[in-house]
Amino acid sequence: MADERDLRYFMGHDDYWVAISREGELLGGGFFVTSSYVLTSTACLPGLRAREPVDLHTARGLPLRAMVYELAEDVGLALVSVLPDPEADCSAPQADSAVKGDGWLAPYRPGPQRTVLRGTVDAVVPDRRDGEGRPLCVIELAGDLPPGDSEGYAGGPVERHTEGQDSAVIGILLDPEASGRLSETGQGSLAAGALSSAFEVFEKLSAEYLVGLLREGLPELAEFPGTSETRADAAPVGPGPLPGRRAEASEVFETGRFMAREMNALAAENPLLARDMRPYYMRLANEVCDEAFRTVYGEPGDD
């Protein structure tokens with residue numbers, strides 16, 4: 001069991017990934033895929049159900065309020081909803097796909113003495129299933145450690161680190177049990193679920209939802225337990241009167257809507273691009289929401 005004060009030492013310097021804990025016990029890793037949602041493994045949320053609270057700590061050790069939002073047991077993935085904090089700067093990372101031979105690195109580690117996992121992509125296998133479950137694109141990983149030594153790393157991001165290419169997140173590290181269920185042999189292996197599959201599993205990460213978010217404006221936070229009471233009692237924050245901040249935020253979303261329309265037109269002109277547009281929709285929605293929150297709440301440290 002990890003003491004709450006020690007959780008920050010499980011972190012590196014990448015602000016997009018987090019440690020997940022409950023009542024001071026470290027459960028595993030996860031990472032932001034939008035400004036409001038963290039992707040993780042169901043193995044990191046043992047016995048928990050939707051709407052139950054969990055604690056997150058950013059790479060800088062900043063605590064965030066969060067709750068389990070959706071569990072996809074058949075593919076071993078989960079989505080955690082995060083209450084935005086003006087003190088946190090948790091932008092989603094650049095996303096991309098992987099190919100055999102890519103170098104990879106998993107920056108999250110479950111303890112200060114545990115090594116950073118790294119290696120090469122052994123294979124990318126689409127449409128793996130656990131029984132009657134939904135298909136998941138599985139990235140089979142060759143690493144420096146035997147699969148058994150990867151215990152506790154589940155839920156963290158897997159980054160591509162290939163010479164001549166930009167670093168990008170390609171997947172989420174699966175726990176050994178889920179890796180075994182999704183392997184052809186049924187034996188444990190080191191594997192990740194492709195990020196593209198997570199976009200398909202969770203409606204909140206779909207291109208349709210993210211584009212809709214740009215149309216509708218700031219997400220509604222009332223579903224978060226205790227949010228309405230907290231927001232009602234909180235002192236106003238951010239620069240300028242509230243009506244002015246809302247007007248500026250509306251301009252931010254209008255710019256986002258323009259970009260989304262142009263991206264839709266681009267995909268319509270070239271159908272081959274359509275299947276690869278999801279990471280760009282996610283990046284656009286995240287940037288727009290981040291800018292809108294900065295407009296409404298102000299930068300950390302603002303009076």
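Worth saying up front: this structure is predicted, and the values here are computed from it rather than measured.
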Quiz item: Does some side-chain heavy atom of Tyr69 sit less than 4.5 Å from a side-chain heavy atom of Val80?
Solution: no
Self-check item: side-chain contact (heavy atoms from CB on, under 4.5 Å) partners of Asp74, counting only residues at least two apart
Solution: Ala72, Arg134
Quiz item: Excluding sequence neighbours, so at least two apart, what forms side-chain hydrogen bond (donor to acceptor under 3.5 Å, both in side chains) with Gln94?
Solution: none
Practice problem: Identify, with sequence neighbours excluded, every residue that meets side-chain contact (heavy atoms from CB on, under 4.5 Å) alongside Ala106. | Solution: Trp104, Leu117
Quiz item: Do you know which two heavy atoms are closest between Asp175 and Ser41, and how far apart they sit?
Solution: OD1-OG, 3.6 Å
Practice problem: Give a yes or no answer on whether the side chain of Arg22 reaches the backbone of Pro53 with a donor-acceptor pair at less than 3.5 Å. | Solution: yes
Quiz prompt | Side-chain heavy-atom pair Val33, Phe202 within 4.5 angstrom cut-off | solution = no
Quiz prompt | Non-neighbouring partners of Glu251 that pass side-chain hydrogen bond (donor to acceptor under 3.5 Å, both in side chains), sequence neighbours left out | solution = none
Quiz item: Between Val124 and Ala98, what is the shortest heavy-atom contact and its length?
Solution: CG2-O, 3.5 Å
Practice problem: Compare all side-chain heavy atoms of Arg51 with those of Val68 and state whether any distance is below 4.5 angstrom. | Solution: no
Quiz item: Under the 3.5 angstrom rule, does the side chain of Lys100 hit a backbone N or O of Asp122 as a donor-acceptor pair?
Solution: yes
Quiz item: Counting only heavy atoms not in Met263, do more than 12 sit closer than 6.0 Å to its CE atom?
Solution: yes
Exercise. Of all the heavy-atom pairs spanning Leu105 and Arg118, show the shortest one and how long it is.
Key: CD1-NH1, 3.3 Å
Self-check item: salt bridge (Lys or Arg N to Asp or Glu O under 4.0 Å) contacts in which one or both residues fall within residues 37-47, not counting sequence neighbours
Solution: none
Self-check item: Partner of Leu39 by side-chain contact (heavy atoms from CB on, under 4.5 Å), out of Thr34, Val169, Leu195
Solution: Leu195
Self-check item: Shortest non-hydrogen contact between Phe31 and Gly171, atoms and distance
Solution: CZ-O, 4.0 Å
Exercise. First locate atom CG of Asp55, then atom OG of Ser21, and finally report the distance between them rounded to the nearest 0.5 Å.
Key: 4.5 Å
Exercise. Taking side-chain hydrogen bond (donor to acceptor under 3.5 Å, both in side chains) as the test, write out the residues that go with Asp96, two or more places apart.
Key: Arg160
Quiz item: What are the two closest heavy atoms between Ala95 and Ala168, and how far apart are they?
Solution: C-CB, 4.2 Å
Quiz prompt | salt bridge (charged side-chain N to carboxylate O under 4.0 Å, His left out) partners for Glu177, two or more places apart | solution = Arg181
Quiz item: Mind checking what makes side-chain contact (heavy atoms from CB on, under 4.5 Å) contact with Ala194, not counting sequence neighbours?
Solution: Cys137, Ile139, Ser196, Ser197
Quiz item: Would you say Ile172 and Val158 make side-chain contact, with heavy atoms under 4.5 Å?
Solution: no
Quiz item: Is Tyr153 close to Pro176 at the side-chain level, that is, under 4.5 Å between some pair of heavy atoms?
Solution: no
Quiz item: Does Glu70 come within less than 4.0 Å of Arg49, counting only side-chain N to carboxylate O?
Solution: no
Practice problem: Begin from the C-alpha positions of Leu71 and Leu45 and carry the test side chain to side chain contact (heavy atoms under 4.5 Å, CB included) through to its verdict. | Solution: CA-CA 9 Å; Leu71 299 166; Leu45 304 171; 3.9 Å; yes
Quiz item: Can you pull the salt bridge (Lys or Arg N to Asp or Glu O under 4.0 Å) pairs that have at least one residue in residues 192-201, sequence neighbours excluded?
Solution: Glu200-Arg278
Practice problem: Give the intermediate values and the outcome of side chain to side chain contact (heavy atoms under 4.5 Å, CB included) for residues Leu79 and Val201. | Solution: CA-CA 10 Å; Leu79 206 58; Val201 167; over 6 Å; no
Quiz item: Does Thr40 reach the side chain of Ile20, with side-chain heavy atoms less than 4.5 Å apart?
Solution: yes
Exercise. Sequence neighbours left out, what passes side-chain contact (heavy atoms from CB on, under 4.5 Å) with Pro126? Give chain and number order.
Key: none
Self-check item: Side-chain touch Val18/Val38, heavy atoms, less than 4.5 angstrom
Solution: yes
Quiz item: Any salt bridge (Lys or Arg N to Asp or Glu O under 4.0 Å) pairs touching residues 27-43, not counting sequence neighbours?
Solution: none
Quiz item: Taking only residues two or more places apart in sequence or in another chain, which ones pass side-chain hydrogen bond (donor to acceptor under 3.5 Å, both in side chains) with Thr162?
Solution: Asp102
